Peer 1: 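Quick one: this structure, given as structure tokens, is what I'll be asking you about.
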Number of protein chains: 2
Amino acid sequence: MTFTPLLQSFVMHFGEMGSRWGFNRTVGQMYALLVISDEPLSANDIAETLSISRGNVSMGLKELQSWRLVQQHHKPGDRKDYFMALGSVWDMAQRVLEERRKREIDPTLSLLRTILLESPANEQEAYAQSRLNEVHDLLENVTHWSQELQHLSPEKLETLMKLGAGVGKVLDMKDKLLPSKRN
Amino acid sequence: MTFTPLLQSFVMHFGEMGSRWGFNRTVGQMYALLVISDEPLSANDIAETLSISRGNVSMGLKELQSWRLVQQHHKPGDRKDYFMALGSVWDMAQRVLEERRKREIDPTLSLLRTILLESPANEQEAYAQSRLNEVHDLLENVTHWSQELQHLSPEKLETLMKLGAGVGKVLDMKDKLLPSKRN
DNA sequence: CTGAAGTTTCAGTAATTTCTGAAAACTATA
DNA sequence: TATAGTTTTCAGAAATTACTGAAACTTCAG
């Protein structure tokens, strides 16, 4: 692929942001490259384009696969592995959110559960537990919610987003129309 | 404050997770400590409890203040500064989300805007732009949405979360009942 | 104005993370 | 089975990030 300055600027930026998004610079660059490439790239293509070592590319691809953000692709009569970014932008966003939930929230949630099972040894622990209980409930809510949203179609999600704060009104409406259900 | 093993385990865990949440280990520990403490702590209290240097605490508090997660607090007749975690768990969550949006999404959004203003120099750039355009729209949607959600009351937010995927049905309902509005 | 009590800064060091490149391990073909 | 093309691994080097502690700074009371 031709790597013009315009494309380069995006790839480099994404590398910088990468660390904030949970992966390192080169992994960020690799992913950006795959996203904007109109054809699958081999590990060598990537290493050359970004001027990074072959070994680094191999590790980076492994990481991107663990995030399930890239797809492997084979060309007939060619032994090399080719890679491309996963489907739609929505798919990508879902993957990133899901993986981050797994890495950032799940472990904390499980620790909180065990902490909350203990009976408090003193005042201070009792206070801490009450605080942690709130955190636990919040994280659990967020987790459930994000899991359920994943089952919504992209169109519905878009409607929901466009609705924005208007969702408050819809909720009021629901309460009036469906008083049978709890909540 | 008494720093029992139970509390310690949480503080240390939060330190480890800290890096995934956008701040470093000690900042994570400091924040955890403030969250579970029932009284405001001085910088010295923090340094001692966590066995870290006074200078590090000073920098960490500065960072937590930049996230607007801690509040300064003065005791009458005492020149020391005391610190406590910000209000409710919801407030904390909002702050973290907002700050992360600023750090993770905003810069990318602004770069995407400038890239999309350029006219594509070749096939490859045209393809890249179409892809980046999708990313741009998604990020913009997410940004607007999260901003609007911040204006919803905690109770409404909780209702929305508990609703989960059920929100899809409510959206259908809305379309039937309010066919006048677009979307 | 002085000095005691406190906070912040920052140069240097320590710890951690990332990257390289050569070697080992695959894998398909002959 | 040998071998050529390819990918993976991983020890060590390089780069980055975090932490310490002493010095500089600030603030306030006397």
Side-chain angles (χ1 to χ4, degrees), chain A residues 11-34 40-67 70-84 103-104, chain B residues 11-34 40-67 69-84 100 103-104:
Chain A
V11 168
M12 293 305 142
H13 169 89
F14 213 85
E16 299 311 318
M17 299 310 280
S19 53
R20 305 201 176 166
W21 278 93
F23 27 76
N24 67 36
R25 184 152 27 99
T26 42
V27 173
Q29 293 174 355
M30 287 172 53
Y31 186 54
L33 192 61
L34 289 172
L41 300 176
S42 74
N44 277 318
D45 294 338
I46 298 174
E48 273 179 44
T49 311
L50 299 176
S51 319
I52 59 182
S53 77
R54 190 58 190 69
N56 199 359
V57 171
S58 177
M59 291 192 295
L61 285 170
K62 222 169 94 183
E63 167 125 22
L64 284 174
Q65 281 175 315
S66 89
W67 283 75
V70 298
Q71 249 175 341
Q72 217 157 337
H73 181 274
H74 287 281
K75 292 193 184 178
D78 187 341
R79 276 171 57 186
K80 282 210 268 308
D81 289 338
Y82 288 82
F83 297 88
M84 51 195 302
R103 291 156 204 238
E104 299 176 359
Chain B
V11 168
M12 292 305 143
H13 169 89
F14 213 84
E16 299 310 320
M17 299 309 280
S19 52
R20 305 200 177 168
W21 278 92
F23 27 77
N24 67 36
R25 183 152 28 101
T26 42
V27 171
Q29 292 176 354
M30 289 171 53
Y31 187 54
L33 191 61
L34 289 172
L41 300 176
S42 73
N44 277 318
D45 294 337
I46 298 174
E48 273 179 44
T49 312
L50 300 176
S51 320
I52 58 182
S53 76
R54 190 60 190 67
N56 199 359
V57 171
S58 177
M59 292 192 294
L61 285 171
K62 226 170 88 183
E63 167 124 20
L64 285 174
Q65 282 175 313
S66 88
W67 283 75
L69 283 170
V70 299
Q71 249 174 340
Q72 219 157 338
H73 180 275
H74 287 281
K75 292 192 183 178
D78 187 341
R79 275 173 59 188
K80 281 210 271 304
D81 290 338
Y82 289 82
F83 297 88
M84 52 196 300
R100 289 182 85 171
R103 292 158 203 238
E104 298 175 0

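Naming: A, B, ... by sequence-line order, numbering from 1 per chain. Computed from a predicted structure; not experimentally measured.
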Peer 1: Return the value, rounded to whole Å, for the distance between atom CG of A:Leu64 and atom P of C:dT18.
Peer 2: 13 Å
Peer 1: Measure CZ/A:Phe23 against C1'/C:dC19 and give the value in whole Å, please.
Peer 2: 18 Å
Peer 1: Please compare A:Met59 and A:Asp78 by the position of their nearest nucleotide in DNA chain D and report the one closer to 5'.
Peer 2: A:Asp78
Peer 1: Heavy atoms from C-beta onward define the side chain here; which of D:dT20, D:dT7, D:dA18 lies closest to that of B:Asn24?
Peer 2: D:dA18
Peer 1: With a 4.5 Å limit on heavy-atom distance, are the side chains of B:Pro40 and B:Phe83 in contact?
Peer 2: no
Peer 1: Are OP1 or OP2 of C:dT7 and a side-chain N or O of B:Arg54 less than 4.0 angstrom apart?
Peer 2: yes
Peer 1: Ignoring the backbone of B:Ser58, work out which of C:dT8, C:dT18, D:dT7 is nearest its side chain.
Peer 2: C:dT8
Peer 1: A:Ala32 and A:Val11: which non-hydrogen atoms are nearest, and at how many Å?
Peer 2: CB-CA, 3.9 Å
Peer 1: Side chain of B:Asn56 only, heavy atoms from C-beta on: which candidate in D:dC19, C:dA5, C:dT7 is closest?
Peer 2: D:dC19
Peer 1: OH of B:Tyr82 versus C1' of C:dT7: gap in Å, rounded?
Peer 2: 14 Å
Peer 1: I'd like to know if A:Arg79 reaches the base of C:dT27 with its side chain, counting only an N/O donor and acceptor under 3.5 Å.
Peer 2: yes
Peer 1: Would you say C:dG6 has OP1 or OP2 under 4.0 Å from some side-chain N or O of B:Asn44?
Peer 2: no
Peer 1: Any side-chain N or O of B:Thr26 less than 4.0 Å from the OP1 or OP2 oxygen of D:dC19?
Peer 2: yes
Peer 1: Would you kindly give the CD1-to-P distance between B:Ile52 and D:dG21, to the nearest whole Å?
Peer 2: 12 Å
Peer 1: For the NZ atom on B:Lys62, are there more than 12 heavy atoms of other groups (residues, nucleotides or ligands in this structure) within a distance under 6.0 Å?
Peer 2: no
Peer 1: Would you please confirm or rule out a distance under 4.0 Å between OP1 or OP2 of C:dT7 and any side-chain N or O of B:Lys62?
Peer 2: no
Peer 1: Indicate yes or no: at least one non-hydrogen side-chain atom of B:Val57 is less than 4.5 angstrom from one of B:Leu50.
Peer 2: no
Peer 1: C:dC26 P sits how many Å from A:Asp81 CG, rounded?
Peer 2: 15 Å
Peer 1: In whole angstroms, how far is the P atom of D:dT6 from the NZ atom of A:Lys75?
Peer 2: 13 Å
Peer 1: Between D:dT17 atom P and A:Arg20 atom CZ, what is the distance in whole Å?
Peer 2: 10 Å
Peer 1: Would you call the rings of A:Tyr31 and A:Phe14 parallel, tilted or perpendicular, where under 30° means parallel and over 60° means perpendicular?
Peer 2: tilted
Peer 1: Grab the CD-C1' distance between B:Gln65 and C:dT7 for me, whole Å please.
Peer 2: 12 Å
